[in-house]
Amino acid sequence: MRPDTPAENVDHTAEAARLERTAGLYPEDAEALLLRAAAHLELSGDRPTASTLYDRLLSSTADLDNPHLVRALKASNLWEYGHEAEARAIIEGVRSASPQDPAPWVIVAEALESHDELEAAHETYTEAVHRLLTDVPEPPYATHPLLFGRHRVRRMLGESHDEWDALADTVHSLPITLDELHDPKRVWSLGSENPAELEAEILRLRAELGAYREALSRPFPVAILHWPATELTELLETYPSLSTEYPTHETHLATIESALRELASSGTPNLGIVTGTVPSYEAFAASELSSPSDATLLPQYATTLAARGRAVAWPPQQGAACWCGSGQPYGQCHGSDA
């Protein structure tokens, strides 16, 4: 169940409780599962309890995959139920940390925007795009909300187009332009008695809804399974029949990169990589009442890891380390001939 499911169709409190129980069973996935639980609690209106989940993650002794995202979500939630001063302090902390992941930037900028702090939201969006997209030839999908949000705020502030707005127009794929979607005067057309104006506004709203649904329809990436060298060695020693799937570790890595590039060239969005471990795979096979030597379990295992929030987006951002674990920048490793 996704947190975007309408409240009338799901008991968000019960779903949050289920996700908390699941996090107890899979502590290695607790971060992703508890964030989803907190989202359900926010939708149910229980924002204080959602904050306790964010605090639980931030106070955990385990290293978080994305602590800046947790802080950003906590700030946004706090502001919604009256803790503005604390929310502002956390937002400033997130901005000062300058995370490389676009998601925390989007959350804090949208929080400022939703509370009519348009100048501060514009500064946040602008800082994010400068830090994450300068000298980047093609903006990653995850950064598109930064470009769109900045464009939206600038329209509300009456600013003229600049190069980042032009880039937002370039990555925008809907038939209705961003200028139309973000036109501040649109709100007046909703009260119009002119059928033509109302029909035009309905078309714009449908386009916005289509974009929103497209984003929500991709909660998890199309993920390819990656085995680190030590894990693959253990896997093949224990289940030698899988050697037909993985002749060598070098071949395995090359196959991952070529498969992802082929998917990207075919237009498949939201690609990612999940990293497997032998104990986790054996537990998954047991839950499926099957043998780990069954190669048909491998793609199912990858999908399950992605659904538990274990996927890392592909391709890595410019300058980021390669997904293979070599420690080299992606552009000097498997992305060298991209």
Side-chain angles (χ1 to χ4, degrees), residues 2-4 19 29-43 50-51 53-54 57-58 63-80 87 90-114 120-134 136 138-153 164 167-168 171 211-212 214-223 269-274 306-321 323:
R2 294 205 309 266
D4 58 277
L19 288 165
D29 297 332
E31 182 176 350
L33 293 168
L34 291 179
L35 286 181
R36 290 169 62 191
H40 279 288
L41 289 169
E42 289 190 37
L43 288 172
S51 284
L53 288 186
Y54 296 132
L57 284 169
L58 292 171
D63 292 333
L64 297 178
D65 293 332
N66 198 337
H68 302 305
L69 176 59
V70 180
R71 292 188 179 93
L73 289 168
K74 178 184 175 181
S76 177
N77 181 56
L78 284 170
W79 203 334
E80 290 300 324
I90 296 173
I91 287 173
E92 285 306 310
V94 171
R95 290 181 61 181
S96 298
S98 192
Q100 291 300 305
D101 179 16
W105 289 104
V106 173
I107 297 298
V108 297
E110 288 184 347
L112 291 165
E113 181 185 349
S114 67
H122 179 249
E123 292 176 6
T124 304
Y125 281 124
T126 301
E127 182 181 358
V129 297
H130 274 286
R131 291 185 179 278
L132 301 183
L133 295 178
T134 298
V136 175
E138 184 68 27
Y141 180 84
T143 64
H144 291 187
L146 290 173
L147 292 169
F148 298 155
R150 184 178 182 275
H151 185 286
R152 181 176 59 249
V153 169
W164 294 114
L167 182 59
V171 300
Y212 183 61
E214 180 184 1
L216 290 179
S217 69
R218 298 152 30 141
F220 311 121
V222 176
N270 204 26
L271 300 173
I273 296 174
V274 290
R308 283 161 49 189
R310 307 307 296 177
V312 175
W314 180 94
Q317 293 188 21
Q318 187 178 36
W323 55 264

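- When all heavy atoms are compared, the tightest approach of V94 to A72 is CG2-N, 4.1 Å.
- The CD atom of E31 lies 9.0 Å from the CG atom of L58; values are rounded to the nearest 0.5 Å.
- Every side-chain contact (heavy atoms from CB on, under 4.5 Å) that S98 has, sequence neighbours left out, goes to W105, R131.
- What you find for T143 and P102 is that their closest heavy atoms are CG2-CG, 3.6 Å.
- Atom CG of L64 and atom CG of L69 lie 10.0 Å apart (nearest 0.5 Å).
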Is there a side-chain contact (heavy atoms from CB on, under 4.5 Å) between L57 and L35 once you walk through the steps? CA-CA 9 Å; L57 284 169; L35 286 181; 3.8 Å; yes
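- Between H68 atom NE2 and S96 atom OG the span is 10.5 Å, to the nearest 0.5 Å.
- Counting all heavy atoms, side chain and backbone alike, L33 lies closest to L19 at O-CB, 3.8 Å.
- Considering every non-hydrogen atom in both T134 and W164, the closest pair reads N-CH2, 4.0 Å.
- Pairs engaging residues 63-76 under the salt bridge (Lys or Arg N to Asp or Glu O under 4.0 Å) rule: D55-K74, D65-R310, K74-E86 [sequence neighbours left out].
- Formation of a donor-acceptor pair under 3.5 Å by the E42 side chain with backbone atoms of N77 is not found in this model.
- Inter-residue side-chain proximity for V70 and P104 is flagged as unmet; no heavy-atom pair is nearer than 4.5 Å.
- Atom CD1 of I91 is separated from atom CG of L112 by 4.5 Å, given to the nearest 0.5 angstrom.
- In this structure, OG1 on T124 lies 3.5 Å from CZ on R95, to the nearest 0.5 angstrom.
- Closest non-hydrogen pair, A223 versus A306, comes out as CB-CB, 3.9 Å.
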Show your working on side-chain contact (heavy atoms from CB on, under 4.5 Å) between N270 and V222 and close with a plain yes or no. CA-CA 6 Å; N270 204 26; V222 176; 5.9 Å; no
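- In this structure, H122 and V153 approach most closely via the heavy-atom pair CB-CG1, 3.7 Å.
- In summary, the aromatic rings of Y141 and H144 are positioned with their centroids under 6.0 Å apart.
- S114 contributes a side-chain N or O that, together with a main-chain N or O of A111, makes up a donor-acceptor pair within less than 3.5 Å.
- Remark: L167 CG to L147 CG distance equals 5.0 Å, nearest 0.5 Å.
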